[in-house]
Amino acid sequence: MRLARMWRALAPLVASEVADDVFARRTLARVLGLQYVLGGVLAWLFALVALPPTTRASVVACGATAIVAGAVMGIVSVLRLSSRTLTAVSHVCIVSAQVLIAIAYARARGPGGPLLLFLLWTAPYAGISSPRARWMHVAVACTALIAASTAVPGDPGTTAVSIVIFAATVVITSMLTARMTTRLRRSATQDPLTGLPNRRLLHAATHAALVRRAARGGTVAVLLIDLDRFKHVNDTFGHESGDALLQQVVPRMLAVLGPDDVLARLGGDEFAVVCEDPGGALDPADVAARFDRVWAEPVLVGERTLHVSGSTGVALAEDGATPRTLLRDADAAMYESKRRGPGTFQVFSADVAARAQRLLLLEQGLQQAVQRQELAVHYQPVIALGGPRAGRVIGAEALLRWSSVELGAVGPDEFIPVAEDAGLVSALGDWVLQRALGDLADWRARGVVGDDFQVAVNVSAHQLSHALPERVTHLLTQFDLRAADLGLELTETAVVKGGAPQVLHSLRELGVSLLLDDFGTGYSSLSQLQELPFDVVKVDRAFVAGMSRSPRDRALVLAVLSLAGALGMSVVAEGVEEAYQAEQLRAAGCAAAQGWYFAEAVPAVDLPAAVHAAGARLTPKASTTPGQSAPAESAR
C-alpha cells in the first residue's frame, strides 16, 4: 500500500522523466512529418486511381496540404526547440491530420471508404501522450469520424456499424499503446527486484525537491543506507537468500518513512531516501533513528533467521546543491558510519569531506605507488632469546612502507585497509614477497646473514588462494632459496576471512614456516592453534607492553608460552621495548622477540648494522627493572 501510494505521487515525475525514452520528441516530430508526406502521396494515388474527376480535386488538395505539413514537421524536428514546444507542435499536427482525413473522406463522398483507415494511423500517438492529451486525441478522432461518416450518403445502419468499429479500434489501439508506454516508463525507473524507484528516478525526485526548496525554502536531505555484512549472506546462503532478505527489508523501511519521502534502491544492498520538509524542521538524526526499528527484529528467510543492520550517511542540501553532490556527500558520510561500526549513522560535514578526500587520494596514490617507486620494504630483526642461538638475529620481518609524493609518509595502518577495499592488497602483497626474497638472496650472497636466517612476510586474506603455493614455489626457485628460508605471517582474522585451510596445508608441505600473527586479538584463537598447521605463535605487542604493569597480561603471555609448547610451536614476542620485558620473556622460555628495544625496522641496505645492534642488546646482564625502554614502536 505504501509503495503504491509512493508510485502514484511519483507518476507525473515518471512521465516527464522518461517521456523521451519511449519516443523522443524530435523523433516523434520527424516520424509525423514522414507519415504526413506518405499519407499525402497515398491520398494522391488513391484519388487518381479510385475517385472520379468530380471528387478527385478535393482529395488531391488535401494530399498536397498533408505533404506541405509533413515538410514543416521535418523542419521543426531539426530546430532547437524545447521538449514542451515540440510536444505542443506534435499535438497540433495529430489533430490537424485527423481533421484533414475527415474532410478528405467527406469530399470523396462514397468511394472514399479506405481514407478512414488513415485515422487509425493517429491512434498510437494518443497512447504515447499523457492521459489528458490521449483522450483529447481519441475524442477528436471519434468526432471527425462521426462528422465525416454522417456527411456521406448511405445506409444509416451500415454507417453506424462502421462508426462503432472504427471508434472502438481507435480506443483499443490507444489504450494498448498507453499500457505499453506505461510499462516502458516503469521499467526505466523501477528496480525489478524490490519494486522501488531506481537511481534515475531518485535523481529526478531529488532535483524536483531542490527546485521546490529554492522556490519556497525548507529542508531537503538525502540518506544513503548500505546493509552491513550483506555480502556475507550472499556468499554463505546464496543470492536467492540475499534477494529474499532485500524483499523483506523494503516494507519495513517504507513503514518508517514519512508520506512524502521517496525510497529508492541504487543497486545491490544500497538504498537512498529523499526527505523534504517545507517548514525546515527536518532533523536528520530523527530520520536516521527511525531505521533502528527496521533493524530491531530479525528477518526470517526460508528456515533461517537473519539479523540485518544498515550503515547510514546523511547529506543536507545547501544553496547550490545538486542531486549528484547530495548523493556524493551522503555516500562519504555512509562510509564514515561504516568505519564507526554497523548500524550507525553519520551526517556529512567538513571533517567527513576531508577524510573522504584523503581516502580518495590514498587509493589513487596506491594505484601508482609501485610505478613511482614510492614503496619500500623495511626489515625488523628477530632475535633468539634462548637456546643455542641465544643472542643471535635469526630472521627479520618484512614491513611495507609508503612515502607518497603528495601525502608524505603514510602508515600501513592507514593505507592497508584502503588497499583491501580497493582490491590492491594482493598485488602489494605479491610485490613485498618478491622484494623480500630478493633481498634475502642478496644478503646471503654478500655474507650479511647466515644460512639459518629467515625472512617473514605478512599475507592478507585476499592472498590465500590456491595460486599462492605455486607463486611461492616460483619465487623460491627464481632466487635459489629454500622453503625454510621463508615465513608467512597471517593474522587470525585473515585465516577466518580467507577460509582456505588447504592452502595453508599446501604451504606447510612445501616447508614454508607459518606464523600466527597478533595472537589473542582475533577470534577462535584456540581452534586455530589446534587445527591449522602453524609453526610459530606471535604474541601481540599489546600483551607484551602490559607485562611490566599488569599481572593479567603477564599471566596471559605465560599461558600462551605454555600452550604453544604443548602443541609443539615456538613463540615470538612482538613489541619488546624494555630490557625488563626481554629478560622476563627469556626467563619464561620465549623463543624469540622483536621490537624497538633490539632494533627498529630499517631499509635492506641498513640491515647489517641493525643485526649487529640487535645482537648486542641481549646480554646476560640485561636489566630486570621495569621502565628501561626504547622509543615506542611504530605500527606496522
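Atoms considered below: every heavy atom in the structure, side chains included; atoms not considered: hydrogens, waters and symmetry mates. Residue numbers start at 1 and run along the sequence shown.
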Short N-O contact, [X] and [Y], less than 4.0 angstrom:
X: Arg199; Y: Asp191; value: no
X: Asp442; Y: Arg446; value: yes
X: Glu414; Y: Arg358; value: yes
X: Lys231; Y: Asp269; value: no
X: Lys538; Y: Glu397; value: yes
X: Arg482; Y: Asp451; value: no
X: Glu270; Y: Arg265; value: no

Checking the side chain of [X] only, and the main-chain atoms of [Y] only, is there a donor and an acceptor separated by less than 3.5 Å?
X: Arg372; Y: Ser404; answer: no
X: Thr344; Y: Ser337; answer: yes
X: Asp226; Y: Phe271; answer: no
X: Gln463; Y: Ser460; answer: yes
X: Gln581; Y: Glu577; answer: yes
X: Asp535; Y: Leu514; answer: yes
X: Glu489; Y: Val459; answer: no
X: Asp485; Y: Val455; answer: no
X: Gln380; Y: Ala599; answer: yes
X: Ser550; Y: Met547; answer: no

Report task. Tell me, with the steps shown, if Arg389 and Asp452 meet salt bridge (charged side-chain N to carboxylate O under 4.0 Å, His left out). Result -> CA-CA 10 Å; Arg389 296 191 295 173; Asp452 59 350; 3.1 Å; yes
Requested in this report: Evaluate the criterion side-chain contact (heavy atoms from CB on, under 4.5 Å) for residue pair Arg339 and Gln346; output intermediate values, then yes/no.
Outcome: CA-CA 10 Å; Arg339 189 183 66 82; Gln346 174 70 49; over 6 Å; no
Query raised in the report: Ser241: what forms a side-chain hydrogen bond (donor to acceptor under 3.5 Å, both in side chains) with it, not counting sequence neighbours?
Result: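 Partners of Ser241 by the side-chain hydrogen bond (donor to acceptor under 3.5 Å, both in side chains) criterion come out as none, since no residue qualifies.
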Query raised in the report: Hey, mind stepping through Thr206 and Arg324 against side-chain contact (heavy atoms from CB on, under 4.5 Å) and telling me if it holds?
Result: CA-CA 9 Å; Thr206 307; Arg324 184 185 65 81; over 6 Å; no
Query - Pairwise side-chain contact, Val503 with Pro469, heavy-atom cut-off 4.5 Å (strictly under) - result: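 In contact.
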Report task. Might you work through the side-chain contact (heavy atoms from CB on, under 4.5 Å) test for Val222 and Val273, ending with a clear yes or no? Result -> CA-CA 6 Å; Val222 171; Val273 182; over 6 Å; no
Query - Taking every non-hydrogen atom, the tightest pair across Ala398 and Val432 - result: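 Ala398 and Val432 have their closest heavy atoms at CB-CG1, 4.4 Å.
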Report task. Take Leu326 and Thr322 through the side-chain contact (heavy atoms from CB on, under 4.5 Å) test and state the conclusion after the steps. Result -> CA-CA 6 Å; Leu326 277 177; Thr322 66; over 6 Å; no
Query - Contacts of type ring pair (Phe, Tyr, Trp, His ring centres under 6.0 Å), residue Trp402, not counting sequence neighbours - result: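 Ring pair (Phe, Tyr, Trp, His ring centres under 6.0 Å) check on Trp402 returns Phe415.
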Query raised in the report: If you round to the nearest 0.5 Å, how far is CG of Asp439 from CG of Leu607?
Result: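 Atom-to-atom, Leu607:CG and Asp439:CG are 9.0 Å apart.
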Requested in this report: Going by the side-chain contact (heavy atoms from CB on, under 4.5 Å) test, name the single residue among Leu516, Leu515, Val382, Asp517 that passes it with Val536.
Outcome: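 Option passing the side-chain contact (heavy atoms from CB on, under 4.5 Å) with Val536: Leu515.
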